[in-house]
Asks: 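Questions regarding the structure given below will be posed in turn.
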Amino acid sequence: MICKIEKTTVTITNLKVNNIDKESVNEFISDSLCMLQHMTRPLANVVYRKTRGNPLFVIQFLKSLNEEGLLRFSFSSRRWEWNINEIESKSVANDVAELMAGRMLKLQEELQYALKLAASLGFECESSILDIWKMSKEKTNIFDCFDTVVEEGFMEKTGTKYEFVHDQIHHAAYSLIPRMEREAMHLSNGLLILNNASTFGDHIFLCTDQMNRGLRLLTHPDEKVKLLRLNLRAGKKAIATSAFLSASTYFKIGISLLSEGDWELNYELCLELFNSAAETEYVIARYEVMLKLVKEIFAHAISFEHKIRAHYIFVKSLGSRGKLIEAIIGGFQVLALLGEKFPPVPNTSVLIEDFERTRAMLEEHTEDDILSLGLMTDNIKIAAMQF
């Protein structure tokens, strides 16, 4: 009903209800049972303690108490009665989740599918993602299903985003998916997003996460390599937003997908993956992990040029760990291999000689000449500049 009203020109004001305090819970129960507040306070204290004042949980918990006969109306005393000891022993979290799951199972099949889909995608999902399922489902309008789920009180819509009203409701919806089918559903979700070129770029993290949760179902080497590339791409995008812990996870999963012989079959991919992973572990100060990755690069890189990035990561890590002398020595060793040799103990005469040579080179050019020069293209020289 609310969703239909929102589509009209009527102005709607959404009021988000936060958790309520113990006194408010007592007032609510007192009004609901038509009893004085001092009479309902013992019951309210238990309800508050078990629900923490979550309005949805308060209502569902009271409903479950009534359905199980723990809260009942006595015609002889003409008032509501309860057994406080039995209510005390009742576990709210599981019962509320089970109760909500039971309610969900009574919904139409397409509504159950919408809840399972939402739960598999996470606590919340964007409308732009659901567009993919709208295009893939011919008979059912996925948005109509989600709007109905919102009306049923399981989810709420904020702007273009659908989200569960509580994490326990999310768990209840996810429990509707048989355990044996969950990995397949996650993998199917990921593939559907991946194959939708118009939205994939905006949802690469969701796509990768979904496929990672179903990676055990991948058996063909080409499928694993495809997911490896996806994790590498997601990891790089995470780095771009400074989400280094997330990037580390993506790279680790990518490395776990490697098979024997991949360094030969997919050399450039492996080199980029291990270098990116080593850089990330360096940033988050996991030096032991970084060192293992660097050693793997040294063992498989086919040329010194392909080892430069790993050398740079290793030298920087030495400096970060306070091993400055080792970092300086390591840096000079790499520079020597790059053709830039430095005297082990520089003296004043050497510095003056280099200074004069540099000044003589610059005197042959004007400032405009220097500013008009092209960018450096020699990869070896560019690498040397890093050190």
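Numbers for residues simply follow the sequence, beginning at 1.
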Asks: Considering only residues two or more places apart or on different chains, which pairs with a residue in residues 333-344 satisfy side-chain hydrogen bond (donor to acceptor under 3.5 Å, both in side chains)?
Replies: E340-K381

Asks: When you compare the side chain of L258 with that of C270, does any pair of heavy atoms fall below 4.5 Å?
Replies: yes

Asks: For residues 291-305, tabulate all N or O donor-acceptor pairs below 3.5 Å that involve a side-chain atom, not counting sequence neighbours.
Replies:
from	atom 1	to	atom 2	distance (Å)
H300	ND1	E296	O	3.0
S303	OG	H306	N	3.4

Asks: Got a salt bridge between E326 and R321, using NZ or NE/NH1/NH2 to carboxylate O under 4.0 Å?
Replies: no

Asks: Does the N195 side chain pair with the main chain of L191, one donor and one acceptor, at a distance under 3.5 Å?
Replies: yes

Asks: Start with the C-alpha distance between N212 and Y250, add both sets of side-chain angles, then the distance that settles side-chain contact (heavy atoms from CB on, under 4.5 Å), and finish with yes or no.
Replies: CA-CA 9 Å; N212 285 342; Y250 288 124; 4.1 Å; yes

Asks: Just checking, R79 and F73: is the charged tip under 6.0 Å from the six-membered ring centre and within 45° of the axis?
Replies: no

Asks: For a quick check under 3.5 Å, do T366 and D368 share a side-chain donor-acceptor pair by atom type?
Replies: no

Asks: Identify the residue among V283, V289, T280 that makes a side-chain contact (heavy atoms from CB on, under 4.5 Å) with S248.
Replies: T280

Asks: Side-chain donor-acceptor pair under 3.5 Å between E272 and S276, yes or no?
Replies: yes

Asks: Examine distances only and state if a side-chain atom of D262 and a backbone atom of S259 form a donor-acceptor pair shorter than 3.5 Å.
Replies: yes

Asks: Does the side chain of N45 come within less than 4.5 Å of N26's, by heavy atoms?
Replies: no

Asks: What pairs meet the side-chain hydrogen bond (donor to acceptor under 3.5 Å, both in side chains) rule with one or both residues in residues 214-230, with sequence neighbours excluded?
Replies: E183-R216

